[in-house]
Amino acid sequence: SQKLVKAEKDAEAPQENPYLAHLPPSERLVGGAAASGRKNPYGLAPNHPLANFVIGATTAEQAEAAEEGDINPFTDKPFSDKYRKILAGRRKLPVNKHRKEFLNLVQNNQVVILVGETGSGKTTQIPQFLVFDELPGFKGKKIACTQPRRLAAMSVAQRVAEEMDVVMGQEVGYNIRFEDCTSASTILQYMTDGMLLREAMNDPLLTRYSAIILDEAHDRTLSTDILMGLMKEIIRKRSDLKVVVMSATLDAGKFQKYFDDAPLMSVPGRTFPVEIYYTPEPESDYLEAAIFTALQIHRSEDPGDILLFLTGEEEIEDACKKIKMEADMMPDTGPVKVLPLYSTLPPQAQKRIYEDAPPPRTPEGRPGRKIVVSTNIAETSLTIDGIVYVIDPGFSKQKVYNPRIRVESLLVSPISKASAQQRSGRAGRTRPGKCFRLYTENAFMKELIETTYPEILRSNLGTVVLQLKKLGIDDLVHFDFMDPPAPETLMRALELLNYLGALDDDGNLTPLGSIMADFPLDPQLAKMLIMSPQYGCSNEIMTIVSLLNVPLVFVRPADQRKAADEAKAQFAHPDGDHLTLLNVYHAYKTSGEDQKWCYDNYCNYRTLKSADNVRTQLKRYMERFDLDLVSLPFDERPKGPYYTGIRKALVTGYFMQVAHQERSGNYLTVKDNQVVRLHPSSCLDHAAEWVIYNEFVLTNQNFIRTVTEVKAEWLLDIAPIYFDLDSFPNCEGKRVLEKLLRRRKDEEDMKKNRKSDRSDRDRD
Ligand code: CDP
Ligand code: MG
């Protein structure tokens with residue numbers, strides 16, 4: 001009864017290849033041109049900077065000459081002055097000396113492992129080396145360079161677009177979830193590892209790429225780990241594909257071994273000594289200690305910028321304000337520029353980390369200082385030149401997963417020794433530096449683990465298992481994981497997907513699961529969206545899902561909490577937070593998407609705008625799968641089916657994230673029996689017996705966040721298999737459901753009896 005399966009749109013008509021525009025039309029189609037290995041196979045004019053290049057046999061001298069020429073070979077426009085200035089700097093990067101060696105390796109091997117200190121030029125230069133060797137544009141292909149972090153992908157693409165003197169989004173672009181900044185002319189594409197994995201689901205051999213660079217491999221994110229496994233399979237079937245795996249740490253031997261002894265190239269870093277200081281006693285409040293240390297450095301140390309590592313947005317913004325305020329009050333010191341850096345920071349704000357320190361207040365005054373307060377994105381992903389002092393409190397936000405209670409959460413946790421070493425290394429980029437570790441030397445030696453565990457060992461694998469199934473990898477147990485996940489975690493993922501209907505009882509992908517995999521969402525949200533037309537409210541669910549996929553909409557500055565909470569109360573829906581999100585979105589649309597309205601109402605304008613963009617894209621997915629875009633009657637809201645319908649639709653995805661309120665007032669998660677409390681931010685205004693939740697927050701107390709009230713009957717009707725009470729541990733919730741089932745059975749029996757009474761009478 002579900003109309004789910006509908007073939008995707010016909011493959012797009014063959015596109016004209018912009019790099020072959022000089023050829024007659026019949027030869028311009030992608031794939032229509034000659035093969036590599038020949039001189040000037042594309043009939044370039046003899047004076048074209050690339051005319052003498054042989055694809056796959058470019059020399060370093062040739063490439064450098066083209067870079068130093070007058071005309072940009074990829075745009076045919078003259079190079080700008082700015083380009084030449086940047087080029088001079090690029091030539092000084094450590095990887096530049098190894099261009100020849102790199103080309104030699106990559107031309108003779110399908111896989112190359114490259115290790116180099118952060119800041120040696122891996123991310124920005126190596127892809128360009130490959131561009132000149134592969135000339136992917138002429139083959140109608142591109143080069144991909146993956147990044148674990150969205151912000152890094154965007155930021156590095158911007159930088160490389162400048163380095164290659166092209167417009168961002170043209171020859172150089174980036175592609176991250178819900179934001180594709182590439183075009184038909186793109187030959188070098190930075191992208192998140194997750195996006196490349198998504199692409200593989202529909203193009204298993206990644207045919208659009210002539211080379212794939214897996215950058216930041218040491219980070220061992222879930223997607224990079226899976227991609228490495230896929231690469232091993234793809235290279236067997238595509239001898240033309242080059243793979244480069246890049247890492248900032250020296251334990252690259254593990255990658256080398258994994259890729260059947262692929263050659264390893266190691267670029268020695270250009271680093272200066274860093275003096276390490278520890279605190280003599282453990283710090284009870286790392287935040288306070290960090291701020292104090294930053295101010296102390298500013299007061300008494302020589303000029304040089306400071307990098308302080310903290311764990312998240314709120315903490316960072318708070319620390320920035322405090323440091324700025326205190327530093328401005330200090331007598332006899334230079335001015336400070338305090339800059340935050342975290343993943344959800346708007347691009348303009350994020351670019352400021354590359355600005356110079358402020359000038360002295362007076363010509364004779366003390367020099368200014370830049371202080372960057374960052375998450376661990378500045379550990380290896382982004383390099384900030386000029387840092388001389390690093391403050392390392394020893395913590396970062398890390399994902400943890402407990403398969404027993406099916407809870408994944410972000411926790412502020414101690415970093416590893418390897419991370420601590422990376423962090424201190426950031427102080428020695430331009431001259432000798434100092435690193436202040438806000439923990440004892442003993443703690444470093446005895447308490448920190450050697451390296452952070454790969455994400456695959458700390459994650460819920462629901463999304464990944466669905467993607468692997470879609471990739472046709474059925475036998476997960478024998479997939480070549482670099483570090484295999486715990487069997488229990490895999491079981492949990494299979495179980496989740498089975499309950500959601502994405503996998504059948506034999507673990508095979510269902511038609512529903514196949515569509516779910518295509519949605520760039522968690523399986524629960526994908527399921528909800530796909531089912532929503534049946535509840536008449538796909539437009540509303542699209543809105544809610546969009547808002548769940550962007551940062552928090554509500555702004556709550558530390559010094560204006562009361563006003564912010566009052567503003568939020570205007571949107572509060574008594575039945576809970578999902579409906580509150582819907583109210584905010586409607587109000588934002590009614591305001592005419594007005595920035596001032598957002599400001600006045602403590603809503604984040606940028607977040608709402610990006611939610612709207614996410615929504616537009618989800619709408620395209622809905623259309624692609626022929627899923628109806630429908631709404632329930634809005635005018636009959638208070639009594640009509642509007643909110644009930646939406647809440648029922650939420651249950652189709654969230655039925656495994658349910659909590660029941662016990663007589664004690666506590667909530668207990670269903671089946672896992674974890675005691676949880678409603679997060680203080682929740683708008684739910686009454687003691688709701690049953691709630692669904694979006695997120696389980698582990699802190700010193702367990703909270704459930706983004707919560708909406710549901711009815712027991714809906715749970716039984718919408719997810720009868722999950723709510724099979726025989727599989728339930730004993731608890732109040734179970735007894736309530738049992739009672740409900742008994743009552744239902746009694747009613748049915750009564751109906752049946754009445755019917756048979758009637759038919760008896762009829763016979764009389
Ligand atoms: O990837 P890896 O850490 O080896 O280095 P990279 O990201 O390629 O950065 C190399 C150099 O490029 C940095 O040291 C900076 O000098 C420069 N860079 C920059 O000036 N602005 C950026 N947005 C990115 C890099
Ligand atoms: Mg890098």
Side-chain angles (χ1 to χ4, degrees), residues 82-83 85-99 102 112-131 143-166 168 172 174 188 190-193 213-221 224 244-250 252 265-272 305 307 339 341 345 347-357 370 372 374 376-388 419 421-423 425-431 433:
K82 187 176 164 206
Y83 166 85
K85 215 175 115 205
I86 300 179
L87 183 62
R90 289 167 55 199
R91 292 289 189 247
K92 295 191 195 115
L93 289 170
V95 292
N96 197 57
K97 283 199 267 323
H98 298 263
R99 189 167 192 161
F102 174 75
V112 175
I113 318 284
L114 195 155
V115 183
E117 186 75 41
T118 302
S120 56
K122 296 184 301 297
T123 308
T124 52
Q125 309 307 305
I126 296 291
Q128 296 186 62
F129 295 177
L130 271 172
V131 163
I143 289 173
C145 179
T146 65
Q147 298 291 316
R149 297 183 166 86
R150 294 162 58 89
L151 178 59
M154 285 195 280
S155 158
V156 163
Q158 183 64 54
R159 167 71 183 182
V160 174
E162 282 167 27
E163 290 191 0
M164 291 181 70
D165 214 6
V166 301
M168 165 80 134
V172 177
Y174 67 84
L188 172 54
Y190 288 89
M191 64 200 301
T192 48
D193 46 9
I213 305 165
L214 301 181
D215 198 3
E216 301 276 295
H218 61 269
D219 231 32
R220 298 293 309 278
T221 57
T224 292
V244 179
V245 179
M246 305 205 290
S247 164
T249 52
L250 288 167
M265 177 172 142
S266 168
V267 179
R270 177 192 59 182
T271 48
F272 297 87
D305 298 337
L307 173 59
L339 301 171
L341 180 62
L345 199 66
Q348 316 87 283
Q350 164 250 306
K351 254 188 239 161
R352 295 194 58 204
I353 58 163
Y354 297 108
E355 290 175 7
D356 289 332
K370 177 166 77 174
V372 179
S374 170
N376 58 352
I377 188 160
E379 201 174 287
T380 62
S381 297
L382 296 179
T383 305
I384 311 161
D385 288 332
I387 299 292
V388 178
S419 277
Q421 272 148 2
Q422 281 295 333
R423 288 179 173 193
R426 305 288 68 75
R429 286 269 305 131
T430 31
R431 59 191 165 92

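Indexing begins at 1, ligand by ligand and atom by atom, following the structure's order. In this chain, numbering begins with 1 at the start of the sequence shown.
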* Could you go step by step and tell me if Gln348 and Lys351 meet the side chain to side chain contact (heavy atoms under 4.5 Å, CB included) rule? -> CA-CA 5 Å; Gln348 316 87 283; Lys351 254 188 239 161; 5.8 Å; no
* Nearest heavy-atom pair of Asp193 and Thr224: which atoms, and what distance? -> OD2-OG1, 2.7 Å
* Report the C-alpha distance between Val267 and Lys122 in whole Å, list the side-chain angles of each, state the deciding distance to 0.1 Å, and finish with yes or no for side chain to side chain contact (heavy atoms under 4.5 Å, CB included). => CA-CA 9 Å; Val267 179; Lys122 296 184 301 297; 6.0 Å; no
* Could you walk me through whether Thr221 and Glu216 pass the side chain to side chain contact (heavy atoms under 4.5 Å, CB included) test, one step at a time? => CA-CA 9 Å; Thr221 57; Glu216 301 276 295; over 6 Å; no
* Are any non-hydrogen side-chain atoms of Tyr354 and Leu382 less than 4.5 angstrom apart? -> yes
* **2.8 Å cut-off (strict), protein N, O or S atoms about the Mg ion (ligand 2)** => 1
Return a table of N or O atom pairs, ligand 1 on one side and protein on the other, at distances under 3.5 Å, rounded to 0.1 Å.
residue  : atom   : partner : partner atom : Å
ligand 1 : 1 (O)  : Thr123  : N            : 2.9
ligand 1 : 1 (O)  : Thr123  : OG1          : 2.6
ligand 1 : 3 (O)  : Gly119  : N            : 2.6
ligand 1 : 4 (O)  : Gly119  : N            : 3.4
ligand 1 : 4 (O)  : Ser120  : N            : 3.2
ligand 1 : 4 (O)  : Ser120  : OG           : 3.4
ligand 1 : 4 (O)  : Gly121  : N            : 3.0
ligand 1 : 4 (O)  : Lys122  : N            : 2.9
ligand 1 : 4 (O)  : Lys122  : NZ           : 2.9
ligand 1 : 5 (O)  : Gly121  : N            : 3.1
ligand 1 : 8 (O)  : Thr123  : N            : 3.4
ligand 1 : 8 (O)  : Thr124  : N            : 2.9
ligand 1 : 8 (O)  : Thr124  : OG1          : 2.5
ligand 1 : 14 (O) : Asp385  : OD1          : 3.4
ligand 1 : 14 (O) : Arg429  : NH2          : 2.4
ligand 1 : 16 (O) : Asp385  : OD2          : 2.4
ligand 1 : 20 (O) : Arg159  : NH1          : 3.3
ligand 1 : 23 (N) : Tyr354  : OH           : 3.3

* Structure fact -> Rounded to the nearest 0.5 angstrom, the NE2-OG1 distance for His218 and Thr118 is 6.0 Å
* Spacing of Met164 atom CE and Leu87 atom CG [to the nearest 0.5 Å] -> 11.5 Å
* Shortest non-hydrogen contact from Asp305 to Ala357? -> OD1-CB, 3.7 Å
* To do: Inspect the surroundings of CG in Asp385 and state if more than 12 heavy atoms from other residues, nucleotides or ligands are less than 6.0 Å away.
  => yes
